[in-house]
Amino acid sequence: MTPCKEPPGGAPNLLLLTLSEFALIERLRRRLVGPPDQIWVGDDVAVVPGPNGAMLLAADAVVAGVHADLTLVGLDDMGWKAMVANVSDIAAVGGRPCCAVVTVAGPLGSIDFDLLYDGLTEASAAYGCPIVGGDLTSSPTLVVSVAIVGDAGEQPPVPVLRSGAQAGDTIFVTGPLGSSAAGLHLLQTGRVSEAPDLVLAHRRPRARLDEGTAARMAGATAMIDVSDGLAADLRHIADGSGVGVVLDRVPVAIGVNRVSNDPESMALGGGEDYELLFTAPDAALVETTFAERGLGTPLRIGRCTAEAGERRLRDGDLPVAGWVHK
């Protein structure tokens, strides 16, 4: 944790010093009470009524030195990541992005904006989400903030929140995990040539838009993208839904075992894979729906239970792992 600087004439902000990211979100959620059954606070996407049905709103920021180490990745990678992180949030409720606005704050005279916007526009084109505006402002630290408007897409036009899992649901993930964390480790240790595919997974993560739609069409009850890590994001679903969870397996991406002596821990806590983690009552329907859409079969990794506090990995406790802002 980086210590908070003392503001002129006063003490440090003790709220920032003592609350974790999620405790602070919960504190703010209690203050931001919207109309019932219209706005959800607690998911990565807000759902509000629009003229033609539910409208999805997502916003996220990528900060140099926190979310992107510019000694290891390029400005174009940072731009790509800023866009894809938001698209992935839309995918995680089964929606489709419509358009985005981008705000860049930073040392304007020393930023290669062409390179930064190469990444932003490449991701924008890849996911059909045009950039329609934004803002520029001066700041000592580079921050790229993206806000996206989306919609629920095909029928049924009901977004999948993280709070709907039920006891008996099967837990799925759309692909194996740990690639991004392994790629970061290779970058940090100067071993890029050993596994370029893992390095690319960190530099240019992919959002699972089609998979999110398929999961929603197949009756997914809760869903989230794996951005903080499997263990942390599964807890978000369990806590939001009031269910227990038991993981039978942790699917580890190919090659991670060559990077880490503990590849399962990398898959559990690495994060930024952006695979979708979801629950559904009818496993056969999930697999059929994905197959009909030409998508890879989601991996069955566990089940939800009626014991709300249960957090298990096979015969032991689910580790506390994953990305947490302090």
Sorted by chain and residue number, the salt bridge (charged side-chain N to carboxylate O under 4.0 Å, His left out) partners of Glu272 (sequence neighbours excluded) come out as Lys81
Applying side chain to side chain donor-acceptor pair (under 3.5 Å) to Asp233 and not counting sequence neighbours gives none
For Asp77, the side chain to side chain donor-acceptor pair (under 3.5 Å) test, sequence neighbours excluded, returns Arg203, Arg204
CG of Leu313 to CG of Leu234, rounded to nearest 0.5 Å, is 10.0 Å
Rounded to the nearest 0.5 angstrom, the CG-CD1 distance for Leu115 and Ile111 is 11.0 Å
Margin query: With a 4.0 Å cut-off on N to O distance, would you call Asp273 and Arg206 a salt bridge?
Written below: no
Applying ring pair (Phe, Tyr, Trp, His ring centres under 6.0 Å) to Tyr274 and not counting sequence neighbours gives none
In short, side-chain hydrogen bond (donor to acceptor under 3.5 Å, both in side chains) pairs touching residues 297-307 with sequence neighbours left out are Asp248-Arg303, Glu287-Arg300, Thr305-Glu310
message: Just by distance, no angles: are the side chains of Ser241 and Ser163 close enough, under 3.5 Å, to form a donor-acceptor pair?
response: no
Here the gap from Ser227 atom OG to Asp44 atom CG, rounded to the nearest 0.5 Å, amounts to 6.0 Å
For Asp197, the side chain to side chain donor-acceptor pair (under 3.5 Å) test, sequence neighbours excluded, returns none
CZ of Arg312 to CG of Asp317, rounded to nearest 0.5 Å, is 9.0 Å
Residues at least two apart in sequence or cross-chain that pass salt bridge (charged side-chain N to carboxylate O under 4.0 Å, His left out) with Arg249, listed by chain then number, are none
Asn86 and Val146 have their tightest heavy-atom pair at OD1-O, 3.1 Å
Let me check something: do Leu200 and Leu184 share a hydrophobic cluster, defined by ILVMFWY side-chain heavy atoms less than 4.5 Å apart, either directly or through other members? no
query = Among the clusters formed by ILVMFWY side chains lying less than 4.5 Å apart, do Val102 and Leu70 turn up in the same one?
reply = yes
Query raised in the report: Are a donor atom and an acceptor atom from the side chains of Thr103 and Asp135 found within less than 3.5 Å of each other?
Result: no
Residues at least two apart in sequence or cross-chain that pass side chain to side chain donor-acceptor pair (under 3.5 Å) with Thr71, listed by chain then number, are Asp69
Please report the C-alpha distance between Asp239 and Arg162 in whole Å, then the side-chain angles of each, then the deciding distance to 0.1 Å, and finally whether the salt bridge (Lys or Arg N to Asp or Glu O under 4.0 Å) criterion is met. CA-CA 9 Å; Asp239 294 343; Arg162 63 178 67 169; over 6 Å; no
Between Val87 and Pro97 the two heavy atoms that sit nearest each other are CG1-CG, 4.3 Å
Excluding Phe278, membership of its hydrophobic cluster (Ile, Leu, Val, Met, Phe, Trp, Tyr; side-chain heavy atoms within less than 4.5 Å) reads Val160, Phe172, Met223, Leu276, Val286, Phe290, Leu295
If hydrophobic clusters are built from ILVMFWY residues whose side chains come within less than 4.5 Å, do Ile254 and Val252 share one?
no
d(Thr279 OG1, Ile237 CD1) to nearest 0.5 Å is 5.5 Å
Students should find that the hydrophobic cluster of Val320, defined by side-chain heavy atoms under 4.5 Å apart, otherwise consists of none
**OP:** Treat each ILVMFWY residue as a node, draw an edge where side-chain heavy atoms are under 4.5 Å apart, and state whether Leu108 and Met78 are in one component.
**Re:** yes
Taking a hydrophobic cluster as the set of Ile, Leu, Val, Met, Phe, Trp and Tyr residues connected by side-chain heavy atoms closer than 4.5 Å, whether directly or through intermediates, do Val101 and Val104 fall within one such cluster? no
Heavy-atom nearest pair, Leu285 first then Ala218, reads CD2-O, 3.5 Å
side-chain contact (heavy atoms from CB on, under 4.5 Å) filter on Ala201, not counting sequence neighbours, yields Ser179
With side chains defined as the heavy atoms from C-beta onward, is the minimum distance between Val250 and Ile301 less than 4.5 Å?
-> no
Sequence neighbours excluded, the answer for salt bridge (charged side-chain N to carboxylate O under 4.0 Å, His left out) partners of Arg208 is Glu275
Per side-chain contact (heavy atoms from CB on, under 4.5 Å), Pro263 is matched among Leu268, Val256, Leu177 by Val256
